[in-house]
**Q** 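Attaching a single structure in structure tokens format; questions to follow.
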Amino acid sequence: MNIFATLKARIDAVLGDLMAEGALPQGLDLTRVAAEPPREAAHGDVATNAAMVLAKPAGKNPKELAALLVERLKTLPDVVDASIAGPGFINMKLDDKIWCNALRDVLALGAAYGDGKTGQGEAINVEYVSANPTGPMHVGHARGAVFGDVLSRLLAKTGFAVTKEYYINDAGGQVDHVARALRARYLQALGKLSEEDVQGMLQRKEIMYGGDYLIPVAEALKARDGDKWAGVDDENVWIPPLRDFTVAFMMKLVKDDLLALGVHHDVFSSEKALVEAGKVDDALDFLEKAGLTYTGVLEPPKGKTPDDWEPRPQLLFKATQFGDEVDRPLKKSNGTWTYFAGDIAYHKDKVDRGFNNLVNVWGADHGGYVKRVQAALAALTAGKGQLDVKLCQMVKVLNNGEPVKMSKRSGNFVTMRDLIDEVGKDVVRFIMLTRKNDAPLDFDYARVTEKSRENPVFYVQYGHARGRSVFRHAKDMFPTADLTDPGLAKADFALLKDPDEIGVLRALANWPRTVEGAALAHEPHRLAFYMYDLAAQFHALWNKGNDAAELRFLQAEDQNVSLARLALVRGVGLVIASGLAVFGVEPVEEMR
RNA sequence: GACCCCGUAGCUCAGCUGGAUAGAGCAUCUGCCUUCUAAGCAGAGGGUCGGGGGUUCGAGUCCCUCCGGGGUCGCCA
């Protein structure tokens, strides 16, 4: 199905023959042999580096080896010519019908075109968002949410058994802080504090959260419990119930936001539940038995030494044995577990549930945390567990180049809701993937809704809509023709002769490779660039028809050519639609 | 001070895990545009891939080093 993969297999077979015949030494490692599209179309359809890669181990010079190979490659099915170029590349020209086969696949498989089996059903766990249940989600969360969600769909498309997971940090100090802020809003709801009082507490840092979003939570608490907590002064008494109340409320908020973005998780794991089930103790026992914990004193942090720093003995994990810079604390000075201890337990839990392949999507501000978690995972699985941490850089929200002001609801950030309300879910999802996760992203309301080539969402959607439009016209022009996908598959594709038509076919043939590469590299943004390029090629073909009427898709006098071209148009539409499906974006039928 | 990310055309960014003459869009310049779908099209100029070393048939890509920008740095999550 994937031309490059089948060709690679055939080249390997040829090399195998040569080894068997004694023309090449036995047991050569063929993993580095590649069959890929040449960068320059003029070089042919497929290039292989076999001669250069194998020259040294085979004890021959590249040109000599290439000369040996090229004669064999010429005889491969679908190869019409092969030649040696540059330092030893072998370029192959394929029968144009091979590209037509790609189109046939597209029409037969629809959205499933590009699905792969590389994952072989391996279980993989993708953890993303995992926002603290302390308030509404902001733009940064939106990026991580879309990234994780789309990476998951991509991995599933490539044959992995994906579990999408959210880790709820409902056990640490942050949720206590929210509980305190909620109490202030609650007292305000009861008329015992004024807005000024609350703002004053915020300024004096007595409470840490000041957004308006806590007001309805406080109202709800009042509606349920009346003034039950007004006279209770002991924090130990009122914090737990208020905390649980807020966390439940906030998780509802979070889930609503995620739903609005079209993001879905299979599993929500609770830190608090892990602690209460004793899993933190279990995990730490495990490390202790392995001799990987000890009580020690850390060096003071370099750079900006805190004023109140003093050396204290703490329970530490020997992270340095697994590539981290320093050993990491498991217990705070007051004897309670650190966040890291909980996270170790959480990752052990994932491993115990059968995942050896893990992906975590975090904000870039957590970069300093990567090594220690990878170290912990290595310790827990004796090196068998793989954890890839994808750090998403900042999103800057702009309107016409001007920074967008923060919403009052949140307090101090642009919320995910603001984004969705402003430009819609589909635009948010697509734009978040137009940069690799490593790179900062500018999200400009004006730019992303503009109808121009500069705006990738528009340009790709426009390509899809144009294709649909051609079909609306085709129905009128050829009322009796069978324009279904199976019907179009019967068209005579040999009538697609224009180099740009062949170019589009080639691009369609490249889709499965692109999907697989993006999935294995954990880089969904590659699909955005592919879709943009495919749309650009399609638009260019369309525009050629403006100048040369005989190149228009629909030729009233020639139904056979029209049907072949309609098949091509349909193929482009299907591949764009299947790319958008991975992105969770609805293809547009018609531009308005 | 350490660690992580980034540095590619005037600007914003790709570059398919080491391949051939480094690519798009915007901006600039030159033509075209009463159209099956319109929000444009075709072409041109523009590069020491931050600097310097190294690895090899071959480096924007890998290693070392320096420069510049961002992030993080015990008892936050």
Side-chain angles (χ1 to χ4, degrees), chain A residues 32 34 36-40 43 47 49 51-53 55-56 61-63 85-89 91 130 132 134 169 171-175 177 271 297-304 306 308-312 314 316 324-326 328-329 331-336 338-340 342-343 363-371 391 393-394 434-440 442 447 450-456 458-459 462 465-466 468-470 472-474 477 510 513-514 516-518 520-521 523 525-526 528-530 532-533 536 539-540 542-547 549 552-556 590-591:
Chain A
R32 289 182 61 216
E36 42 190 18
R39 203 172 282 176
E40 296 271 339
H43 288 136
N49 57 357
M52 289 176 293
V53 175
K56 198 174 216 178
N61 83 49
K63 294 260 188 188
F89 280 101
N91 292 322
S130 300
N132 290 344
T134 54
N169 301 133
Q174 293 302 321
V175 283
H177 284 308
E271 182 185 4
V297 179
L298 287 171
E299 296 286 306
K302 301 283 162 78
K304 46 161 196 178
D308 60 347
W309 190 87
E310 52 185 84
R312 283 182 188 141
Q314 285 177 290
L316 302 172
D324 204 352
E325 281 83 44
V326 291
R328 301 293 179 175
K331 274 191 179 175
K332 303 178 196 171
S333 52
N334 66 10
T336 60
T338 59
Y339 177 81
F340 180 46
D343 222 7
D365 54 339
H366 289 63
Y369 195 70
V370 175
K371 280 191 183 175
L391 299 174
Q393 286 289 336
M394 299 264 297
T434 53
R435 291 281 176 273
K436 54 185 168 202
N437 60 292
D438 283 337
D442 282 357
R447 278 267 162 73
E450 204 170 86
K451 294 180 172 180
S452 79
R453 185 168 189 165
E454 290 171 72
N455 176 5
F458 166 78
Y459 203 60
Y462 186 27
R466 266 189 159 169
R468 304 308 297 160
S469 154
V470 173
R472 286 191 289 273
H473 285 276
M477 194 178 279
N510 246 320
R513 265 185 95 242
T514 306
E516 185 182 4
L520 294 179
E523 290 186 353
H525 75 275
R526 289 188 196 178
F529 286 90
Y530 172 92
Y532 183 84
D533 288 342
H539 288 308
W542 176 293
N543 290 323
K544 264 181 116 172
N546 284 340
D547 297 332
R552 296 183 182 186
F553 300 129
L554 299 181
Q555 301 289 327
E590 196 174 357
M591 299 314 267

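What you see is a predicted model, and the numbers here were worked out from it, not measured in a lab.
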**Q** So A:Arg328, base contact, sugar-phosphate only, or nothing? Heavy-atom distance under 4.0 Å.
**A** nothing
**Q** Rounded to whole angstrom, note down the P distance from B:C6 over to B:U48.
**A** 22 Å
**Q** Taking atom P in both B:G50 and B:G68, what distance in whole Å separates the two?
**A** 16 Å
**Q** Considering only heavy atoms and no angle criterion, is a donor-acceptor pair shorter than 3.5 Å present between the side chain of A:Arg526 and the base of B:C16?
**A** no
**Q** What distance, rounded to whole Å, do you find between the two C1' atoms, one in B:A24 and one in B:G43?
**A** 16 Å
**Q** Does A:Arg312 get its side chain close enough to the base of B:C75, under 3.5 Å, for a donor-acceptor pair?
**A** yes
**Q** Assign A:Ser469 to base, sugar-phosphate, or nothing according to its heavy-atom contacts below 4.0 angstrom with the strands shown.
**A** base
**Q** Search all heavy atoms of A:Asn91 against all heavy atoms of A:Ala85 and return the closest pair with its distance.
**A** ND2-CB, 3.4 Å
**Q** Between atom CZ in A:Arg447 and atom P in B:C13, what is the gap in whole Å?
**A** 11 Å
**Q** Look at the side chain of A:Asn546 and decide which nucleotide, out of B:A38, B:A77, B:G19, has an atom nearest to it.
**A** B:A38
**Q** Check whether any side-chain heavy atom of A:Thr134 sits under 4.5 Å from a side-chain heavy atom of A:His177, and report yes or no.
**A** no
**Q** If I take atom CZ in residue A:Arg466 and atom C1' in nucleotide B:C41, what distance separates them, rounded to the nearest angstrom?
**A** 10 Å
**Q** Could you state the atom-to-atom distance from CG of A:Asp442 to C1' of B:C11 in whole Å?
**A** 12 Å
**Q** For the pair made of CG in A:Asn437 and P in B:G71, what is the distance, rounded to whole Å?
**A** 18 Å
**Q** With a cut-off of less than 4.0 Å, is there a side-chain N or O of A:Lys63 near OP1 or OP2 of B:C57?
**A** no
**Q** Rounded to whole angstrom units, what separation is found between the OH atom of A:Tyr459 and the P atom of B:C26?
**A** 9 Å
**Q** Looking at CZ of A:Phe89 and CE of A:Met52, how far apart are the two atoms once the value is rounded to the nearest 0.5 Å?
**A** 4.0 Å
**Q** Below 4.5 Å, heavy atoms only, C-beta onward: do A:Leu554 and A:Val470 meet side chain to side chain?
**A** yes
**Q** Counting Watson-Crick and G-U wobble pairs only, both distances under 3.5 Å, name the nucleotide matched with B:C41, or none.
**A** B:G31
**Q** Measuring from the side chain of A:Asn543 (C-beta onward, heavy atoms only), which nucleotide among B:C41, B:U35, B:A20 has the closest atom?
**A** B:C41
**Q** Within this structure, what is the NZ-to-C1' distance between A:Lys436 and B:G7, rounded to whole angstrom?
**A** 11 Å
**Q** Using the C1' atom on both, measure B:G10 against B:U28 and round to a whole Å.
**A** 9 Å
**Q** Classify A:Ala549 by what it touches in the nucleic acid, base, sugar-phosphate, or nothing, heavy-atom distance under 4.0 Å.
**A** nothing
**Q** B:C3 pairs with which nucleotide, Watson-Crick or G-U wobble, both distances below 3.5 Å?
**A** B:G71
**Q** Using a cut-off of 4.0 Å on non-hydrogen atoms, how would the nucleic acid contact of A:Ala34 be classed: base, sugar-phosphate, or nothing?
**A** nothing
**Q** Nearest-Å distance, CZ (A:Arg435) to C1' (B:C6)?
**A** 14 Å
**Q** What's the closest nucleotide to the side chain of A:Tyr532 if the choices are B:A38, B:A24, B:A77?
**A** B:A24
**Q** Roughly how far apart, to the nearest Å, are B:C41 and B:A9 at atom C1'?
**A** 23 Å
**Q** How far, in whole Å, is B:U55 from B:C73 if one measures between their C1' atoms?
**A** 33 Å
**Q** Would you check if A:Trp542 stacks with the base of B:C36, given a 5.5 Å centroid limit and a 30° plane limit, both strict?
**A** yes
**Q** Need one value for A:Lys331: base, sugar-phosphate or nothing, where a base atom within 4.0 Å counts as base even if backbone is also close, heavy atoms only.
**A** nothing
**Q** Looking at every heavy atom in both A:Arg453 and A:Ala536, which two are closest together, and how far apart are they?
**A** NH2-CB, 3.8 Å
**Q** Distance between the P atoms of B:C64 and B:G18, in whole angstroms?
**A** 16 Å
**Q** Look only at the side chain of A:Asn49 and the backbone of A:Ala34, and say whether a donor-acceptor pair between them is shorter than 3.5 Å.
**A** yes
**Q** Please determine, for the side chain of A:Phe529, which listed nucleotide (B:G74, B:C13, B:A77) has the closest atom?
**A** B:C13
**Q** Return the nearest nucleotide to the side chain of A:Lys56; candidates are B:U37, B:U56, B:C41.
**A** B:U56
**Q** Whether A:His539 contacts B:A38 is assessed here as follows: a side-chain N or O lying under 4.0 Å from the phosphate OP1 or OP2. Is that the case?
**A** no
**Q** Does B:U35 have OP1 or OP2 under 4.0 Å away from a side-chain N or O of A:Lys544?
**A** no
**Q** Hey, is B:U17 sitting syn or anti, using the within-90° cutoff around 0?
**A** syn
**Q** Would you say A:Met591 has more than 12 foreign heavy atoms packed within less than 6.0 Å of its CE?
**A** yes
**Q** Select base, sugar-phosphate, or nothing to describe what A:His366 touches, counting heavy atoms under 4.0 Å on all strands.
**A** base
**Q** Please determine whether a side-chain nitrogen of the Lys or Arg among A:Glu325 and A:Lys371 lies less than 4.0 Å from a carboxylate oxygen of the Asp or Glu.
**A** yes
**Q** Mind checking A:Ala364 for me? I need base, sugar-phosphate or nothing, with any heavy atom below 4.0 Å counting as a touch.
**A** sugar-phosphate
**Q** Which residue lies toward the 5' end of RNA chain B, A:Gly517 or A:Leu391, if each is placed at its nearest nucleotide?
**A** A:Leu391
**Q** Consider the side chain of A:Pro87, meaning its heavy atoms from C-beta on, and name the nucleotide among B:G19, B:U37, B:A14 that approaches it most closely.
**A** B:G19
**Q** Touch check for A:Gly173, heavy atoms < 4.0 angstrom, all strands: base, sugar-phosphate only, or nothing?
**A** sugar-phosphate
**Q** When you get a sec, tell me which of B:G19, B:C5, B:A42 is the closest nucleotide to the side chain of A:Gln393?
**A** B:C5
**Q** Could you tell me whether A:Met591 contacts a base, only the sugar-phosphate backbone, or nothing, with contacts defined as non-hydrogen atoms closer than 4.0 Å?
**A** base
**Q** Choose from B:C36, B:G25, B:C75 the nucleotide whose nearest atom is closest to any side-chain atom of A:Leu554.
**A** B:C36
**Q** How many Å lie between CZ on A:Arg453 and P on B:C33, as a whole number?
**A** 20 Å
**Q** Considering every strand and a 4.0 Å limit on heavy-atom distances, what is the contact class for A:Asn91: base, sugar-phosphate, or nothing?
**A** base
**Q** Under the criterion side chain to side chain contact (heavy atoms under 4.5 Å, CB included), which of A:Arg472, A:Arg466, A:Arg468 is the partner of A:Glu590?
**A** A:Arg472
**Q** Please measure how far the P atom in B:U72 lies from the corresponding atom in B:G25, and state the result in whole Å.
**A** 37 Å
**Q** For the side chain of A:Phe553, starting at C-beta, report the closest nucleotide among B:G74, B:C36, B:C13.
**A** B:C36
**Q** The side chain of A:Val53 lies closest to which of these nucleotides: B:U37, B:A20, B:G19?
**A** B:G19
**Q** Taking all non-hydrogen atoms of both residues, which atom of A:Tyr339 and which atom of A:Glu271 are closest, and how far apart?
**A** CD1-OE2, 4.1 Å
**Q** When both hydrogen-bonding distances must be under 3.5 Å and the geometry is Watson-Crick or G-U wobble, what is B:G19 paired with, if anything?
**A** B:C57
**Q** Donor-acceptor pair under 3.5 Å: do we get one between A:Arg472's side chain and the base of B:U37?
**A** yes
